Amino acid sequence: MRIATWNVNSIRSRIERVVAWLERTDVDVLAIQETKTREDQFPFFRFEELGYEVAHHGYNQWNGVAIASRVGLADVRAGFDGAPIWGEADGPEARHLAATCGGIRINSLYVPNGRHLLDPHMDYKIEWLRRLRDETADWLTAGPTMLMGDWNIAPRDEDVWSMEFYEDKSHVSPRERAAFQAILDAGYVDVVRPLLPGPKVYTYWDYQQLRFQKGRGMRIDFLLASPDVASRVTAAMIDREERKGKGASDHAPVVVEVAMDASVEVTSE
DNA sequence: ATGGTTGATCCTCAA
């Protein structure tokens with residue numbers, strides 16, 4: 001079973017690339033972030049005609065998460081208990097969607113961007129991660145689980161092109177790294193890093209300043225898995241080709257191959 | 001060429 005995560009930076013502007021990518025990569029489950037669209041504008045049919053079921057959670061032009069699967073899409077749930085609310089909003093932002101696909105509880109996550117070290121968004125980000133950690137610790141006991149998406153954190157110095165550049169910026173601060181580490185400490189395993197060690201292994205390159213062309217990226221998109229799933233991961237790939245050319249997202253898809261659990265019955269196709 | 005973004009929406013914000 002092939003499982004991937006991809007911050008597409010607008011599903012409506014990226015749909016042709018996403019469709020072409022699904023057709024050539026043979027991915028079974030794709031967790032999507034930054035759909036940047038309302039529910040009624042989401043291109044559901046483009047996934048369905050390829051044989052994928054798809055669930056989406058999004059309110060407006062910000063955030064938005066989705067899961068596409070051709071190995072079942074059951075028990076879809078948007079948002080986690082205790083997710084903090086930004087500002088005066090009625091409810092939490094659209095940053096989490098879960099569904100059970102091929103026997104694995106898939107969580108598509110778009111972690112808030114802290115913007116700057118002293119920005120209120122940073123406190124929001126840390127609190128969001130703390131509450132996520134509290135919930136995810138419980139999910140581990142429920143069965144095979146994966147947490148995947150755009151974490152907006154570079155956990156190690158080697159995960160950014162220049163620590164000198166980032167030392168006073170978001171993504172690398174001790175608070176953010178501790179919040180990420182707390183999720184690992186809860187029992188989740190980064191299933192990509194062991195197969196694709198750094199340095200200079202990135203998943204995101206800013207559109208500005210020709211960062212991709214200069215090899216100046218960040219590793220901020222991660223697939224974490226419960227130990228039972230982690231032990232079944234046989235391969236990993238960051239598809240840098242998708243960052244090339246006109247109309248690319250600023251993030252590349254990250255893909256893992258997970259050996260099928262013979263005890264699991266796939267519920268569709 | 002000594003620089004250099006993109007997307008959704010609105011007349012700017014977010015990343």
Side-chain angles (χ1 to χ4, degrees), chain A residues 5-21 31-44 46 56-66 83-89 92-96 108-129 148-155 159-162 165-173 175-176 179-180 202-222 238-254:
Chain A
T5 189
W6 191 4
N7 178 323
V8 298
N9 185 20
S10 169
I11 191 62
R12 285 178 289 157
S13 68
R14 211 72 60 210
I15 186 60
E16 299 306 332
R17 272 205 180 232
V18 171
V19 164
W21 187 78
I32 301 169
Q33 299 85 38
E34 277 211 90
T35 58
K36 288 185 165 179
T37 189
R38 298 192 310 260
E39 199 73 6
D40 62 291
Q41 299 172 307
F42 190 92
F44 290 100
R46 300 302 302 278
H56 173 249
H57 174 49
Y59 300 116
N60 52 31
Q61 73 270 41
W62 311 126
N63 316 310
V65 280
I85 293 169
W86 172 254
E88 305 301 313
E93 295 177 311
R95 295 182 176 276
H96 172 244
S108 180
L109 300 166
Y110 180 43
V111 176
N113 190 316
R115 302 192 183 188
H116 308 289
L117 297 183
L118 300 178
D119 192 297
H121 286 90
M122 183 60 75
D123 294 332
Y124 168 60
K125 175 182 191 174
I126 298 297
E127 178 66 5
W128 195 93
L129 286 162
M148 63 186 85
D150 176 359
W151 295 78
N152 272 316
I153 297 170
D159 296 335
V160 296
W161 62 274
S162 165
F165 179 82
Y166 281 103
E167 66 178 349
D168 60 346
K169 296 181 177 65
S170 171
H171 293 61
V172 302
S173 71
R175 288 178 81 199
E176 293 166 276
F180 184 81
Y202 307 129
T203 65
Y204 161 87
W205 299 259
D206 198 305
Y207 285 125
Q208 300 184 54
Q209 306 292 124
L210 295 177
R211 288 275 161 70
F212 182 69
Q213 292 82 343
K214 291 183 175 179
R216 295 178 172 180
M218 309 173 81
R219 193 205 289 250
I220 57 175
D221 299 87
F222 296 94
I238 297 167
D239 194 353
R240 290 181 70 262
E241 292 302 308
E242 265 308 315
R243 183 62 181 78
K244 296 180 181 176
K246 186 175 166 65
S249 169
D250 41 4
H251 294 253
V254 187

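Order of the sequence lines fixes the chain letters, A, B, ..., with proteins taken first and strands second; residue numbering starts at 1 for each chain. Note that this is a predicted model, so its numbers are computed, not measured.
- Looking only at atom types and distance, the side chain of Trp6(A) has no donor-acceptor partner in the side chain of Asp239(A) under 3.5 Å away.
- When rounded to the nearest whole Å, the span between NZ of Lys125(A) and C1' of dA15(B) equals 12 Å.
- The distance between atom NZ of Lys169(A) and atom P of dA14(B), rounded to the nearest whole Å, is 19 Å.
- Two residues, Asp206(A) and Ile11(A), neighbour DNA chain B, and the one matched to the more 5' nucleotide by heavy-atom proximity is Asp206(A).
- The CZ-C1' distance, from Arg17(A) to dG7(B), rounds to 15 Å in whole Å.
- One C1' atom belongs to dA14(B), the other to dC10(B), and the distance between them is 14 Å to the nearest Å.
- Nucleotides dC11(B) and dG7(B) have their C1' atoms positioned 16 Å apart, rounded to a whole Å.
- With both ends at atom C1', the span from dT9(B) to dC13(B) equals 9 Å, rounded to whole Å.
- A donor-acceptor pair under 3.5 Å is formed between the side chain of Thr203(A) and the backbone N or O of Ile220(A).
- Here the C1' atom of nucleotide dT5(B) and the CZ atom of Phe212(A) are 15 Å apart, to the nearest Å.
- Nearest to the side chain of Ser13(A), among dT9(B), dG7(B), dG4(B), sits dG7(B).
- At whole-Å resolution of the value, CD in Gln209(A) and P in dT5(B) are 7 Å apart.
- Look at Arg211(A) and you won't find any side-chain N or O under 4.0 angstrom from OP1 or OP2 of dG4(B).
- Within the 4.0 angstrom heavy-atom criterion, only backbone atoms of the sugar-phosphate kind lie near Gln61(A); the bases stay farther away.
- Closest to the side chain of Arg12(A), out of dA15(B), dG7(B), dT9(B), is dT9(B).
- To the nearest angstrom, C1' of dA14(B) lies 19 Å from OH of Tyr59(A).
- Residue Arg14(A) has its side chain nearest to dG7(B) when only dT9(B), dA15(B), dG7(B) are considered.
- Looking at heavy-atom distances under 4.0 Å, Tyr110(A) makes contact with sugar-phosphate atoms alone, never a base.
- Comparing Arg115(A) and Asn60(A), the nucleotide of DNA chain B nearest to each residue sits closer to the 5' end for Asn60(A).
- Taking only side-chain atoms of Leu210(A), from C-beta outward, the nucleotide of dG4(B), dA15(B), dT9(B) with the closest atom is dG4(B).
- Separation of the C1' atoms belonging to dT2(B) and dT6(B) is 24 Å when rounded to the nearest angstrom.
- Within the cation-pi definition used here (under 6.0 Å to the ring centroid, within 45° of the axis), Arg211(A) qualifies as a partner of Phe165(A).
- Side-chain atoms of Glu242(A) never come within 3.5 Å of backbone atoms of Ala252(A) as a donor-acceptor pair (strictly under, hydrogens ignored).
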For this session: Give the intermediate values and the outcome of salt bridge (charged side-chain N to carboxylate O under 4.0 Å, His left out) for residues Asp150(A) and Arg95(A).
Result: CA-CA 10 Å; Asp150(A) 176 359; Arg95(A) 295 182 176 276; over 6 Å; no
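- Here the nucleotide nearest the side chain of Tyr207(A), chosen from dG4(B), dT6(B), dT9(B), is dT6(B).
- Contact annotation for Lys214(A): base contact, defined as any heavy-atom pair under 4.0 Å involving a base atom.
- Atom P of nucleotide dT6(B) and atom NZ of Lys244(A) are separated by 17 Å, given to the nearest angstrom.
- Using a 4.0 Å cut-off between a side-chain N of Lys or Arg and a carboxylate O of Asp or Glu, Arg175(A) and Asp123(A) qualify as a salt bridge.
- Distance Asp150(A) CG to dA14(B) C1': 13 Å, rounded to the nearest Å.
- Of the candidate nucleotides dA15(B), dT9(B), dG7(B), dG7(B) has the atom lying nearest to any side-chain atom of Trp62(A).
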